[in-house]
Number of protein chains: 2
Amino acid sequence: MTSPLRDRARQMLKDAGLYCTEPRLAILQVLMQAARPLRQDQIGEKLTLRALNKVTVYRTLESLIEVGLVHRAFTYRRAGYFELADHCTEHQCHPHFTCTQCGVTHCLTDILLPLAKIAQKGFVINRQQVRLEGLCPACA
Amino acid sequence: MTSPLRDRARQMLKDAGLYCTEPRLAILQVLMQAARPLRQDQIGEKLTLRALNKVTVYRTLESLIEVGLVHRAFTYRRAGYFELADHCTEHQCHPHFTCTQCGVTHCLTDILLPLAKIAQKGFVINRQQVRLEGLCPACA
DNA sequence: AAAAAATCTGCAACTCAGTTGCAAATTCTG
DNA sequence: CAGAATTTGCAACTGAGTTGCAGATTTTTT
Ligand SMILES: [Mn+2]
Ligand SMILES: [Mn+2]
Ligand SMILES: [Zn+2]
Ligand SMILES: [Zn+2]
């Protein structure tokens with residue numbers, strides 16, 4: 001039960017100082033292969049080895065977020081969407097475009113807006129998130 | 001039972017083609033006086049004349065959003081935050097800064113980031129939303 | 001100023017994403 | 001491998017937001 005993907009996941013967990021458990025390996029692998037942020041239930045559906053309790057998925061995501069491996073990309077219709085903390089700079093995650101027609105979200109990994117300059121001093125910006133809405137090529 | 005504020009609210013509803021009801025007038029007035037986006041329960045607390053059922057508040061907000069008077073600014077801890085659709089350009093709302101320490105949100109009404117340029121053609125951007133996280137002057 | 005038509009409101013019950021407590025299972029440490 | 005530390009699954013719970021529907025309000029028509 002080994003593969004390059006799985007080994008990378010194992011290493012990430014080890015480096016992060018997290019217990020290397022089956023659920024965490026499985027979820028990390030799902031996220032590593034995802035093209036867009038996923039909800040808890042979507043992650044669950046993509047698990048191949050065995051099903052996981054949703055509580056486990058949520059708690060795993062929480063752990064992965066805590067160590068910086070995963071980001072909560074955005075919320076859509078009250079549900080959280082999670083993705084690997086990749087293609088993000090120190091203070092800014094890549095933007096996401098969601099089509100209001102078909103609902104599909106696209107990661108704009110090659111776009112980076114300038115960081116907002118807050119005139120009023122004293123503000124410390126830790127993260128800037130950009131969200132775009134509109135019509136995707138298929139729906140426009 | 002009249003006031004400049006109330007009259008403005010009444011006019012806004014009339015222009016939007018919505019029935020001019022007591023709940024709508026009251027909620028609009030609360031939003032007109034708010035310095036930051038509010039949750040349903042926060043709006044309810046600020047009502048002075050009489051209490052409204054939360055269903056009414058939600059449905060009123062929905063109506064106001066539909067006609068473009070109100071925006072759902074962002075979601076925080078699974079709750080929606082609403083504000084008057086003011087200080088927004090055609091394709092971009094003003095950014096919001098939320099302090100991760102004290103939880104207070106600030107409207108950055110004087111900041112405007114450039115609209116993202118999506119290389120891949122065919123995308124139609126209808127709205128760009130920017131959200132900032134960090135420490136406010138009081139907490140930094 | 002009715003009366004009729006159109007729309008809104010409140011209530012109660014419901015949905016559904018996410019959380020909590022706790023016992024059992026797994027992983028790490030020495 | 002034993003013991004300590006941590007994680008997992010289950011069941012029950014939370015809380016924001018939604019739905020159906022009867023009765024109330026607002027607007028439009030006579
Ligand atoms: Mn992404
Ligand atoms: Mn605002
Ligand atoms: Zn689309
Ligand atoms: Zn603060």
Side-chain angles (χ1 to χ4, degrees), chain A residues 1-2 6-7 9-28 30 37-45 47 49-67 69-83 103 105, chain B residues 1-2 6-7 9-28 30 37-45 47 49-67 69-82 103:
Chain A
M1 197 154 77
T2 181
R6 198 179 179 76
D7 289 342
R10 193 182 300 278
Q11 191 60 46
M12 289 164 84
L13 289 174
K14 198 172 176 184
D15 291 347
L18 288 179
Y19 272 38
C20 194
T21 68
E22 184 46 53
R24 284 175 179 168
L25 281 172
I27 290 173
L28 251 188
V30 166
L38 299 175
R39 291 190 307 262
Q40 170 272 319
D41 59 299
Q42 295 175 317
I43 293 171
E45 284 169 3
L47 294 170
L49 272 89
R50 69 177 169 106
L52 293 178
N53 187 284
K54 69 170 180 175
V55 178
T56 302
V57 177
Y58 280 121
R59 286 202 273 230
T60 295
L61 289 170
E62 201 180 304
S63 304
L64 296 175
I65 287 173
E66 219 164 293
V67 298
L69 285 175
V70 166
H71 281 166
R72 173 181 271 103
F74 58 86
T75 298
Y76 183 60
R77 283 143 117 47
R78 310 208 52 192
Y81 283 74
F82 305 85
E83 70 181 348
T105 293
Chain B
M1 197 154 77
T2 182
R6 197 176 179 78
D7 289 342
R10 196 182 298 277
Q11 192 59 47
M12 289 164 83
L13 289 174
K14 199 173 177 184
D15 292 347
L18 288 179
Y19 273 36
C20 195
T21 67
E22 185 44 55
R24 284 175 179 166
L25 282 171
I27 290 173
L28 251 189
V30 166
L38 299 175
R39 291 190 307 262
Q40 170 272 320
D41 60 299
Q42 295 175 317
I43 293 172
E45 285 169 4
L47 294 170
L49 272 90
R50 69 178 170 105
L52 293 178
N53 188 285
K54 69 170 181 174
V55 178
T56 301
V57 177
Y58 279 122
R59 287 202 272 229
T60 295
L61 290 171
E62 201 180 303
S63 303
L64 297 175
I65 287 173
E66 220 163 291
V67 299
L69 285 174
V70 166
H71 281 166
R72 172 182 270 102
F74 57 86
T75 300
Y76 184 60
R77 283 144 115 47
R78 300 192 37 101
Y81 283 74
F82 305 86

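This one's a predicted model, so the numbers in the text were calculated from it and none came from an experiment. Letters A, B, ... are given to chains in the order of the sequence lines, protein chains preceding strands, and every chain is numbered from 1.
- For B:Arg78 and D:dG15, the shortest distance from a side-chain N or O to OP1 or OP2 is not below 4.0 Å.
- Residue A:Thr21 has a polar side-chain atom (N or O) positioned under 4.0 Å from OP1 or OP2 of D:dT8.
- Ion pairing of A:Glu22 with A:Arg6 is present here, as a side-chain N (NZ or NE/NH1/NH2) and a carboxylate O approach within less than 4.0 Å.
- Distance CD (A:Glu62) to P (D:dT6): 16 Å, rounded to an integer number of Å.
- Between A:Leu61 atom CG and C:dG18 atom P the separation is 10 Å, expressed in whole Å.
- Checking A:Gln11 against A:Asp7 by side-chain atom types alone, no donor-acceptor pair falls below 3.5 Å.
- An OP1 or OP2 oxygen of C:dA17 is reached within less than 4.0 angstrom by no side-chain nitrogen or oxygen of A:Arg39.
- An OP1 or OP2 oxygen of C:dT9 is reached within less than 4.0 angstrom by no side-chain nitrogen or oxygen of B:Asn53.
- Using a 4.0 Å heavy-atom criterion, one finds that B:Arg72 contacts no nucleic acid atom at all.
- Interatomic distance, B:Leu25 CG to B:Met12 CE, rounded to the nearest 0.5 Å: 11.0 Å.
- Note: NZ (A:Lys14) to C1' (D:dT6) measures 18 Å, nearest angstrom.
- Interatomic distance, OG1 of A:Thr21 versus CZ of A:Arg10, reported as 10.5 Å (0.5 Å rounding).
- Atom CZ in B:Arg50 sits about 13 Å away from atom P in D:dA24, given to the nearest Å.
- Here A:Ile27 contributes atom CD1 and A:Leu38 contributes atom CG; the two are 11.0 Å apart, rounded to the nearest 0.5 Å.
- Across the protein-nucleic acid pair, A:Leu13 atom CG and D:dT6 atom C1' stand 14 Å apart, rounded to whole Å.
- To the nearest angstrom, C1' of D:dT14 lies 12 Å from NZ of B:Lys54.
- Residue B:Leu18 contributes atom CG, which lies 13 Å from atom C1' of C:dA6 at whole-angstrom precision.
- The phosphate of D:dT6 has neither OP1 nor OP2 within less than 4.0 Å of any side-chain N or O from A:Tyr19.
- When each of A:Thr75 and B:Leu52 is assigned the nucleotide of DNA chain C bearing its nearest heavy atom, the one mapping closer to the 5' terminus is B:Leu52.
- Checking D:dT6, C:dG18, C:dC11 against the side-chain heavy atoms of B:Arg59 singles out C:dC11 as nearest.
- Look at CZ on B:Arg77: it is 9 Å from P on C:dT19, rounded to the nearest Å.
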